[in-house]
Amino acid sequence: MKQSRILCNSLQGRVMSADAAAALIHDGVNVGMSGFTGSGYPKSVPQALARRIAAAHAAGEHFRIGVWTGASTAPELDGALAEADGVEMRLPYQSDPVCRKRINAGQMEYIDIHLSHVAQFVWFGFLGKLDVALVEVSGILEDGRLVPSSSIGNNKTWLDLADKVILEVNSMQSDKLEGMHDIYYGTSLPPNRMPIPLVKPDDRIGEQYLRCDPDKIIAIVETSAPDRNSPFSPPDANSQLIAGHILEFFEHEVRKGRLPKNLLPLQSGVGNIANAVMAGLNTGPFDNLTAYTEVLQDGMLDMIRSGKLAMASATAFSLSDAGLAEFNDNIDIYRKRIILRTQEISNHPEVIRRLGVIAMNGMIEADIYGNVNSTHVMGSSIMNGIGGSGDFARNAYISIFMTPSQAKNGQISCIVPMASHVDHTEHDVQVIVTEQGLADLRGLSPNQRAKVIIEKCAHPDFRPALLDYHERASAGSLGRHTPHLLDEALGWHQRYLREGNM
C-alpha cells in the first residue's frame, strides 16, 4: 500500500470518496479543471460527477456545468461528462471524439480560445464566475503547499480564483516530479503589469509549488491512475519528407546567418509529424538546442537523452506509454533539463517574441495565399481547437506550418484556393511545408506566395487546377492584389461535400 502523499495534518479530515466530492458540485456552476494534452487531469471525480449527472437526467432534472481546462484532457473527463450530456460550455481546447460530436451537433457550446488568453480572461472577469477548481496534484506538503502533477496549465489561476477547491492527489504520478515546476506569481492586472523577467528558456522565475488557501479546500480525493498516454506511430514516409525539408531549411538559414548554429528555442505542436521533426533534429547537425514550448513529447525526451537538447521548457507532458516508462526510469536526468511552467508563461506572446522562438505547428489546410485553417473541417466542423498555435505563430522568429499535401486517400487537397476557415492569416505564416516541398513566404506578395505555394507544396494531382484557378482569378477578379473568383473560391469544398472528392 502506497504511503499517503497528504502530509498536511489539518487537511486530513477533508479526504473523501470521489462520489462524495462530486456531490459538492452543483448544476450551473463553472468548474476549472486541471489537464493539458492528456496529462495532469483529475481522474476520479469527473467520472463520479458524470454518473451523478446521468442519474439526475434520468430523474428529469437539469444538470449541466461549464468545464474550463488548460487544454485537452481524456475520456475519463471530457468523454465521461460529454456522454452524460453534462457540459453546457467547454473551453478552451478539446480533442475528445464524444465531446467533438456533441459540439458539431450543436448540443454543447464551445469557445475556442488562444491558450495564453484563458487565465487573463478569467482574471479580467470576461468569462464569468469560476465556482469550483478541480485540480490534480501529486502531493500536499506539511505546510499545505501543493506539488504539481504532470501538467500545470491554468491550475494557478483556478486555485487563486475559484470559490471552492477539490483536489485529487494522484500517487501514480512520480514523486520525483517535485522540483521540476516553476510557478510564477508575479503577474498582475493592467495597468499594474510588470515585465516578466524571463530572458532564457532555462530561467527560473517562480516557485516550485502551487499555493492554495486551505479554507477553500472542500474535498481531497486520493487516486492512483495513469495519464492518457497516447501512442505515437513511427514516422511515415510523408512525415519523414516534411521533417527533411525543415532540416534543410534550418541548415540554409544557418548558412545565411539568419539562425545561430544551435538554432533558436524550438516550439513544436503535438503529433507524429512533430515527433518526426524531433527525430530528424536528433540525428542532424545541430547541437546544444533548447525548447520553449507547450508540450513535451517523446521526441524531445529522445533529444534530451542523446544530449542534442540541452533543456526544454513546457507546461505539460504528452507521452506514449513507452515514453512515460523511459521518463520515470531516468527522471533524475530529465528533471535537470525540464521546467514545467504555467501556460500563461509558456505561451506568453511577449516572452515568445523576446526569445525568438521557432514555431512549428500542424494545420488542416492552407490556401494559395498562405492563410491557414488549423481547426475546422470543411469550414464548420471543429476538430480540436487553435490551442497555442496562434500564441506562437503570431510572435515567432520563424512561423512554420506543416501538413501532408493530401488527405482522405487523395480525395482532399490540403492546399486550396481559399481556406474554408482562417485561424492564422497570411500575416502570421512565414513557411508552409508538405511532403512535396517547403515554401518560404517571407518577403513575398500574395501573388508571389501563390506561385511558390502551388509549386512547392501542392500535390501534383491538384497543382494544375490550382494554377488554373490563380491564373483565371488574376485575370478576372475585382482586385488583383489577392485575386479570387468568389463564386468558386470555396467550390473545392462544396464539391467534396457533394461528391466526396475535391
Side-chain angles (χ1 to χ4, degrees), residues 233-250 268-277 279-280 359-379 383-384 389 393 398-424 426 428-442 444 446-471 473 488-497 499-502:
S233 304
D236 60 16
N238 282 344
S239 297
Q240 291 177 325
L241 286 169
I242 291 170
H245 297 320
I246 292 174
L247 267 290
E248 289 178 8
F249 172 73
F250 288 160
S268 177
V270 177
N272 292 326
I273 294 177
N275 267 318
V277 174
M360 297 177 283
N361 290 285
M363 63 181 181
I364 291 173
E365 64 183 2
D367 68 26
I368 58 176
Y369 299 114
N371 298 290
V372 164
N373 169 17
S374 62
T375 61
H376 286 73
V377 176
M378 296 295 139
M383 178 56 70
N384 298 328
S389 58
I398 300 175
S399 172
I400 300 171
F401 283 92
M402 48 200 181
T403 184
S405 64
Q406 294 185 114
K408 295 290 185 182
N409 297 316
Q411 296 172 327
I412 291 176
S413 173
C414 296
I415 305 298
V416 293
M418 177 183 279
S420 60
H421 176 94
V422 176
D423 296 288
H424 311 281
E426 60 185 288
D428 302 330
V429 180
Q430 296 171 326
V431 175
I432 290 177
V433 194
T434 72
E435 82 285 356
Q436 299 296 319
L438 181 146
D440 183 354
L441 308 178
R442 294 171 297 176
L444 301 184
N447 279 301
Q448 291 171 329
R449 283 173 165 239
K451 294 173 183 176
V452 172
I453 291 171
I454 295 170
E455 176 190 350
K456 299 288 188 179
C457 298
H459 192 277
D461 290 351
F462 291 97
R463 198 174 293 153
L466 289 166
L467 286 170
D468 175 69
Y469 174 85
H470 183 242
E471 289 172 2
E488 61 175 281
L490 295 175
W492 291 34
H493 300 86
Q494 293 173 336
R495 185 161 51 249
Y496 176 81
L497 292 173
E499 302 173 10
N501 195 311
M502 279 190 171

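Residues: numbered from 1 along the sequence shown. Since we're looking at a predicted model, the values are computed, not measured. Below, each value reflects all heavy atoms present in this structure, side chains not excepted, and no hydrogens, waters or symmetry copies.
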Taking it one step at a time, do V429 and Y369 satisfy side-chain contact (heavy atoms from CB on, under 4.5 Å)? CA-CA 10 Å; V429 180; Y369 299 114; over 6 Å; no

Taking the side chain as C-beta and beyond, is there a heavy-atom pair between S413 and H459 under 4.5 Å? no

Using side-chain heavy atoms (C-beta onward) and a distance below 4.5 Å, is D440 in contact with Q430? no

Residues which pass ring pair (Phe, Tyr, Trp, His ring centres under 6.0 Å) with H245, listed by chain and number, not counting sequence neighbours: none

Not counting sequence neighbours, which residues clear side-chain contact (heavy atoms from CB on, under 4.5 Å) with E488? List them please. Y469, R472, L485

Do the non-hydrogen side-chain atoms of R442 and I398 ever get within less than 4.5 Å of each other? yes

R449 (side chain) donor-acceptor with I368 (main chain) under 3.5 angstrom: no

Of all the heavy-atom pairs spanning A276 and P235, show the shortest one and how long it is. CB-CB, 3.8 Å

Mind checking what makes side-chain contact (heavy atoms from CB on, under 4.5 Å) contact with E455, not counting sequence neighbours? none

I'd like to check the side-chain contact (heavy atoms from CB on, under 4.5 Å) partners of K408; sequence neighbours left out, ordered by chain and number. Q411, I412, Y496

Heavy-atom donor-acceptor pair, D367 side chain to M418 backbone, under 3.5 Å: no

Could you check if a side-chain atom of I400 sits within less than 4.5 angstrom of a side-chain atom of F250, using non-hydrogen atoms only? yes

Applying side-chain contact (heavy atoms from CB on, under 4.5 Å) between I432 and each of V452, L441, L438, report the one that passes. L441

When you look at L466 and D468, which way does the side-chain contact (heavy atoms from CB on, under 4.5 Å) test go after all the steps? CA-CA 5 Å; L466 289 166; D468 175 69; over 6 Å; no

Hits for side-chain contact (heavy atoms from CB on, under 4.5 Å) against H376, two or more places apart or cross-chain, chain-then-number order -> N373, I382, H421

Could you check if a side-chain atom of Q406 sits within less than 4.5 angstrom of a side-chain atom of D461, using non-hydrogen atoms only? yes

Using every non-hydrogen atom in the two residues, find where A274 and G269 come nearest and quote the distance to one decimal. CB-O, 2.9 Å

Within-4.5 Å side-chain heavy-atom neighbours: I246 and M360: yes

Report yes if some heavy atom in the side chain of E365 is under 4.5 Å from a heavy atom in the side chain of H493; otherwise report no. yes

Residues in ring pair (Phe, Tyr, Trp, His ring centres under 6.0 Å) with F249, at least two apart? none

Heavy-atom nearest pair, I273 first then P404, reads CD1-CD, 3.7 Å

Using the rule given for side-chain contact (heavy atoms from CB on, under 4.5 Å), can you reason through M402 versus V277, listing the C-alpha separation, both sets of side-chain angles and the distance that settles it, and then say yes or no? CA-CA 11 Å; M402 48 200 181; V277 174; 4.3 Å; yes

Minimal non-hydrogen separation, F401 against G362, with atom names: CD2-O, 3.7 Å

Note, M383 side chain near T375 side chain (heavy atom, < 4.5 Å): no

Minimum-distance pair of heavy atoms, taken over all atoms of G437 and C457: O-SG, 3.7 Å

Could you walk me through whether C414 and S405 pass the side-chain contact (heavy atoms from CB on, under 4.5 Å) check? CA-CA 5 Å; C414 296; S405 64; 5.6 Å; no

What are the two closest non-hydrogen atoms of S420 and G379, and how far apart are they? OG-N, 3.1 Å

